[in-house]
Structures are given as C-alpha cells and as structure tokens.
Amino acid sequence: MTGMALERVRLDAQWKQALAPEFIAPYMRELRAFLAAEKKSGKDVYPPGPEIFNALNTTPLAKVKVVILGQDPYHGAGQAHGLCFSVRRGVMLPPSLQNIYKEIEADLGIPRPQHGELTHWAEQGVLLLNSVLTVQAGEAASHQKRGWETFTDAVIRVLNDECENLVFLLWGGYAQRKGSFIDAKKHLVLKSVHPSPLSANRGGWFGCHHFSKTNQYLKAHGKVPIDWSLPV
C-alpha cells in the first residue's frame, strides 16, 4: 500500500500513524485481496466496510482506558457494527451480552439495558476490539487466519508499549492467549471465563466483579471511571 492508498483508509489519525507499518506489510495486501475476492464472488461480509475499524475510530488511541478483547464479529444480518459484543439497537441481545449485563447489575447495581448498543462505552475509552474484524454472513469464524489476528496483535502491542495504567479484560481462553504478552506491571489484567452461557454457567464469570475492579483501578490512577450504564 502506498502513502496515497494509506490516506484512503478510513481510520482515526492517531491509530493510522501508530499502525502505518501494518498497512504496508505483505499480510495486509493478502488480506485486502481476500476480502475483495469474497465480495466479488457475491458473499456478504460483516460488518459493512465503513464499520470494519469502528472500534478504533470510536476510541482513539489517546482516549483508551479499558480494552475488552473479543474474537469474531457476529455473523447474523444486521448484528455486527465493529464493536465486540455490541449489536445494533433493535437486534435481539446475544446470550453473552445478556450475561455481561447480569454481572454489571450484580456488581454495580445498574439495571440491565434493553438494547445491545455499546457505543456509549467506546466513547468513554473502552476499546471493544475483536481479534478478527470481518466475517462471512452465516459462517462463524470464516475470516480467521487471514491476517486480522496479526493486525489486532499490533493494536494490542501499541497499547501495551505506548500507554500506561490501562485495564485489559480477557474473558475466555482465546482472549487470554491473545493478551499473554501484556505487561501486568504497567497495566491491570483481569481474567475470567467467557461470558457465553456454556462457560459462564460453569462458574467463574458471575461474581468476577470486573466492572467495579476496573473503575477502582482507574480512579486510583487519576482517571475518570467508566459509566457502565447505557442510554435508553
């Protein structure tokens, strides 16, 4: 990718500067070619192109306080919009998000929202980052091992190296493996099982208190805590 082509990438300027080497790397050229071929063959890809980097655009690098690592975008029509665990208003709440809301209610006394739109968190500094940023409609995990994991590893490295006193929420084995290189001396790393019903109901999710622990840490380091409630 040339400098002129990089300018066309719809990405927050801070992130674009920090991640510029990734956009000229061979794996990114291969990833772009793969996505172009998917669309040319008539396959629907989620989220829509302008929302692929929604997490980075909604939470600029300088504003990041908390990082939640997800795995793949939702693969149902109208669900994914570039923020992990989040769905558009009017879309049925996914089971994992329902369990997240239950834990927030138990931990902080915040009533469970009736929608799954998490932009309010992202705007406060919660980076809602999936490991893989696209998916084929109806085909879970269909864009894994195509290059996105390398790109999002780079995002995490930038946060780990250039920021201090962030909170990383690593839910489930996948997220914990991906975040294994995070410096726990510089940042708070909170781990638990995944909030999906299969994992959460076995124990370890409910009662983890990650949301209150996050805010306690942020306040202890002079940062404004996160309002985990969501506007109606």
Side-chain angles (χ1 to χ4, degrees), residues 47 51 54-56 58-60 63-74 76 78-131 156 159 163 165-176 178-179 182 184 187-232:
E51 296 181 332
N54 198 19
L56 301 177
T58 310
T59 314
K63 294 186 177 181
V64 177
K65 294 188 286 189
V66 181
V67 182
I68 299 178
L69 291 183
Q71 189 165 349
D72 291 274
Y74 297 118
Q79 291 182 303
H81 64 114
L83 305 178
C84 74
F85 292 103
S86 181
V87 292
R88 301 178 190 277
R89 289 173 182 263
V91 174
M92 184 180 298
L93 292 179
S96 293
L97 187 53
Q98 292 184 41
N99 283 340
I100 290 171
Y101 287 171
K102 288 178 184 177
E103 176 58 22
I104 291 174
E105 183 177 42
D107 189 16
L108 297 172
I110 296 172
R112 285 175 244 173
Q114 299 302 308
H115 66 84
E117 166 70 77
L118 304 182
T119 300
H120 179 59
W121 296 358
E123 291 173 343
Q124 296 177 76
V126 181
L127 181 64
L128 297 167
L129 182 68
N130 274 317
S131 175
I156 298 168
L159 293 165
C163 303
N165 303 322
L166 302 182
V167 181
F168 288 87
L169 302 180
L170 308 182
W171 300 334
Y174 184 94
Q176 290 164 25
K178 188 170 182 68
I182 297 167
H187 310 287
L188 176 63
V189 180
L190 297 176
K191 302 177 183 179
S192 80
V193 300
H194 195 275
S196 67
L198 184 64
S199 299
N201 293 334
R202 293 175 178 170
W205 169 253
F206 298 111
C208 69
H209 301 291
H210 279 189
F211 304 95
S212 60
K213 290 177 180 178
T214 292
N215 282 351
Q216 290 165 6
Y217 182 86
L218 293 176
K219 287 189 285 187
H221 290 86
K223 299 183 180 184
V224 177
I226 304 299
D227 173 14
W228 294 105
S229 66
L230 292 172
V232 175

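Every heavy atom of this structure was used, including side-chain atoms; hydrogens, water molecules and symmetry mates were not.
Closest approach of P195 to W205, counting heavy atoms only: CB-CE2, 3.7 Å. In this structure, K223 and L166 approach most closely via the heavy-atom pair NZ-CD2, 4.0 Å. The shortest non-hydrogen separation linking S196 to S96 is CA-OG, 3.2 Å. Pairing each heavy atom of H120 with each of S229, the nearest pair is CD2-O, 3.0 Å. In plain terms, the two heavy atoms of H187 and C163 that are nearest each other are CE1-O, 3.1 Å. C84 and L69 get closest at one heavy-atom pair: SG-C, 4.5 Å.
Two residues are said to be in side-chain contact when any heavy atoms from C-beta on lie closer than 4.5 Å; K102 and I100 fail this criterion. Taking 4.5 Å as the limit, every side-chain heavy atom of N130 sits out of range of all side-chain heavy atoms of D72. In this structure, V91 and Y74 have side chains that are not in contact, with every pair of non-hydrogen atoms separated by 4.5 Å or more. Side-chain contact check for I110 versus Y101: every heavy-atom pair is 4.5 Å or farther apart. Between L169 and V66, the closest side-chain pair of non-hydrogen atoms falls below 4.5 Å. Residues K178 and I156 are in side-chain contact: their nearest non-hydrogen atoms beyond the backbone lie under 4.5 Å apart.
Residues that satisfy the ring-ring contact (aromatic ring centres under 6.0 Å, His included) test with H221, not counting sequence neighbours, are Y217.
Here the two rings, on W171 and F85, have centers that are under 6.0 Å apart.
Rounding to the nearest 0.5 angstrom, the gap separating the CG atom in N215 from the CG atom in L108 is 6.5 Å. Atom CG of residue L97 and atom CE of residue M92 lie 13.0 Å apart, to the nearest 0.5 angstrom. The CG atom of L93 sits 9.0 Å away from atom NE2 of H115, with the distance rounded to the nearest 0.5 Å. If you take CG on L190 and CD on Q176, they are separated by 10.5 Å, rounding to the nearest 0.5 Å. Rounding to the nearest 0.5 angstrom, the gap separating the OG1 atom in T214 from the CH2 atom in W228 is 5.5 Å. In this structure, N99 CG and S199 OG are separated by 10.0 Å, a value rounded to the nearest 0.5 Å.
Judged purely by atom type and a 3.5 angstrom limit, K65 uses its side chain to pair as donor or acceptor with the backbone of V224. In terms of modelled atom types and a separation under 3.5 Å, the side chain of E103 and the main chain of G207 share a donor-acceptor contact. Counting only distance, with no hydrogens or angles, the side chain of D107 and the backbone of S212 share a donor-acceptor pair below 3.5 Å. The main-chain N or O of L118 is found under 3.5 Å from a side-chain atom of S86 such that the two form a donor-acceptor pair.
Residue pairs satisfying the salt bridge (charged side-chain N to carboxylate O under 4.0 Å, His left out) criterion with at least one member in residues 82-91, sequence neighbours excluded, are listed as follows: E51-R88. Screening residues 108-120 for salt bridge (charged side-chain N to carboxylate O under 4.0 Å, His left out), with sequence neighbours left out, gives E105-R112.
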Stepwise side chain to side chain contact (heavy atoms under 4.5 Å, CB included) test for I68 and L127
CA-CA 6 Å; I68 299 178; L127 181 64; over 6 Å; no

Pair F206-N201, side chain to side chain contact (heavy atoms under 4.5 Å, CB included): steps then yes or no
CA-CA 8 Å; F206 298 111; N201 293 334; 3.9 Å; yes

Which is it for V126 and V64 under the side chain to side chain contact (heavy atoms under 4.5 Å, CB included) test, yes or no, and what are the steps along the way?
CA-CA 6 Å; V126 181; V64 177; over 6 Å; no

Can you list the steps and then say if T58 with T119 is a side chain to side chain contact (heavy atoms under 4.5 Å, CB included)?
CA-CA 8 Å; T58 310; T119 300; 4.1 Å; yes

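The environment of NZ in K63 is sparse: at most 12 heavy-atom neighbours from other residues, nucleotides or ligands sit within 6.0 Å.
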